[in-house]
Amino acid sequence: MRKPNLIGKLRAGLPAPIRSLFDQLIKLADSRGLPVYLVGGPLRDLLLDRPSLDLDIAVEGDAPTLARQLAESLSREDKAGSAHPEALVGRAGTTSEPRVVTHPAFLTATVRVPGFHLDLITARSETYARPGALPTVTPETIEDDLRRRDFTINALALRLNSPWRVEILDPAGGRADLEARLIRALHKRSFQDDATRILRAVQYASRFGFNVEPQTLRWLKRDLRYLRTISGTRLHHEFSRIFAESAPEEILHRLHDLGALAAIDPTLRFDPPQADAFTRLRPDGWRSGRQLNTTGARASYWPVLAWNLNEPQALDVSRRLAATKPQRKALAAMPALQRLAPNLAGPSLKRSAVAEPLASFPLPALWAFSALTDDPTVRERLLDYLTKARLERPHLTGDDLLALGLPSGPQLGEILRRLRNARLDGEATSREDEEHLARQNDAEGRDCGDVWVNEQFLALEFACFTCLRGETADPTGEPPVGRGH
Ligand code: ATP
């Protein structure tokens, strides 16, 4: 018979497809005589009455094998038409084979069906060959598994199948710490074994509004230097987790104050303007109509880390955090944007004069910069570019220009660029204006002899275009003769 209270509460909180998968897993584990437990975060969240979509299940036995058997039994029942209808139906309502991804070195597996996944781990002990190394994993009992965990509040297990023992295994006093709202490490070398726990301690403290228990805090401060032993990939993972929190700036601010960011990289900082920028970047941060979605906000947090850094420092930070290529580009763009900013502040700048230089910058860097700059004019211009100007296109397309009788070739792109700029600057507001402007540009381009098709087109077009406007391109003031005219 099931223990009704916590398991019932757990099941009731699961979306139907996950509940069904969960039930199948328990049935299968029962039939194999394998003890299974709900462990770590989902149990902690259950006790805190916080919703959790993850399912972390520990099995005293081989998790990858159990995961494969679960996938097989689901797809067998599906083919026979006897699977619970929700078991294989993902968010899109499509039925498909469950996919099992196993990680044999860590004795773990993930069962994925469209829309969600369930993590299965083999209850194990972990030993560290040296600080910061990935652990060596050996299958053990659930009690050993709980002893290897980061904090007491995560060192909890709920038995999910018979024979029942106690309702919750809690060897480290995690439930008392949940009550007392404390983040407590399990032993004095915890942060030396794995200094990512320094980041995790601050993250959990912020997420739950808990305190880091005083002795744990002393160990944490003592062992900050062990952050040097952590690989970029693992740091990247922890930073991504932090960026997924509802208030990542609180965590980074605290990590900065503790000296943890400097221990990761001496140039890595998190100052109040960066914290303010994080809040502005969130979906509820800007005034209406100027919000980023969650994905956009998270992408834009990365370049905020490069605020006030020069190029080599930004590069060092992105290397240290194993930034992805787009993230690296966004971080690297920040010093260049900082140099460009004074040019964006000038009075009566045309919109096209803002849009053109910004077009080559990654969007997350532009968002980050708009949230960071303390110059209201620069901010407004960046936001205008990001939310409007960037998306504006001329009425006419390349096909329309051809239909007007303009010859195909590189000049078409150039005319389209000018049409777009004219639109941005309010110099062409209708289709007719654009047709007129396109014909005029074409005619004047032809008057410029073979300039349009000249190999040195790019170098020469400026002279040609300025002559259209009666301006001189040459700083000497001489008319641009001898350049195709
Ligand atoms: P979430 O942040 O989504 O609530 P979580 O708290 O479950 O997730 P995960 O990062 O998903 O945390 O890790 C799952 C469990 O694995 C944790 O609850 C913790 O018990 C354990 N764990 C994760 N990282 C470490 C670590 N560095 N050292 C020890 N245990 C860890």
Side-chain angles (χ1 to χ4, degrees), residues 10 13 18 37-59 63 103 106-110 116-128 130-138 140 142-158 168-175 177-178 183-210 216 219-220 223 226-227 229-231 233-248 250-251 260 298:
L10 170 71
I18 305 185
Y37 303 85
L38 181 73
V39 284
L43 177 53
R44 175 201 65 215
D45 292 344
L46 188 68
L47 293 167
L48 286 172
D49 273 326
R50 289 172 64 101
S52 166
L53 243 191
D54 268 359
L55 268 189
D56 291 351
I57 310 275
V59 50
H103 313 282
F106 298 102
L107 305 176
T108 62
T110 303
F116 61 89
H117 68 266
L118 177 150
D119 286 322
L120 264 179
I121 63 152
T122 303
R124 83 296 265 298
S125 65
E126 290 179 347
T127 48
Y128 295 83
R130 58 185 158 73
L134 285 174
T136 308
V137 170
T138 320
E140 293 287 358
I142 188 69
E143 286 81 2
D144 291 310
D145 188 276
L146 296 182
R147 270 194 285 275
R148 69 162 175 101
R149 288 178 181 261
D150 45 5
F151 304 109
T152 58
I153 59 166
N154 286 336
L156 297 164
L158 172 68
I168 289 185
L169 293 172
D170 179 13
R175 268 190 300 182
D177 284 339
L178 281 177
I183 306 298
R184 185 195 304 268
L186 268 63
H187 58 87
K188 65 179 177 199
R189 278 195 313 278
S190 182
F191 297 116
Q192 297 176 9
D193 282 347
D194 184 350
T196 63
R197 293 172 187 164
I198 292 172
L199 310 182
R200 296 174 67 87
V202 176
Q203 181 184 8
Y204 286 127
S206 160
R207 185 195 298 175
F208 301 128
F210 285 11
T216 299
W219 292 335
L220 183 156
D223 292 335
Y226 286 86
L227 279 163
T229 65
I230 303 299
S231 71
T233 313
R234 296 193 68 213
L235 289 173
H236 188 269
H237 177 71
E238 294 301 334
F239 271 72
S240 303
R241 290 181 77 244
I242 291 171
F243 287 176
E245 292 286 341
S246 59
E250 270 181 33
I251 301 163
R298 288 181 194 166

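Computation of the quantities below employed the complete heavy-atom set of this structure, encompassing side-chain atoms and omitting hydrogens, waters and symmetry-equivalent molecules. Atoms within a ligand are numbered from 1 in the order they appear, just like the ligands themselves.
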- Applying side-chain hydrogen bond (donor to acceptor under 3.5 Å, both in side chains), name anything that partners R298, two or more places apart in sequence or on another chain. none

- Heavy-atom cut-off of under 4.0 Å around ligand 1: list whichever protein residues fall inside it, by chain and number. G40, G41, R44, D54, D56, R148, R149, D150, N154, D194, T196, R197, R200, Y204, R207, R241

- Who passes salt bridge (charged side-chain N to carboxylate O under 4.0 Å, His left out) against D177, sequence neighbours left out? R184

- Message: Using modelled atom types and a 3.5 Å cut-off, is there a donor and acceptor pairing between side-chain atoms of T216 and backbone atoms of A185?
- Response: yes

- Could you walk me through whether D194 and R200 pass the salt bridge (Lys or Arg N to Asp or Glu O under 4.0 Å) check? CA-CA 10 Å; D194 184 350; R200 296 174 67 87; over 6 Å; no

- Set of residues satisfying ring-ring contact (aromatic ring centres under 6.0 Å, His included) with respect to F210, sequence neighbours excluded: F208

- Message: Testing the 3.5 Å rule here: is there a donor-acceptor pair between the side chains of Y204 and N154?
- Response: yes

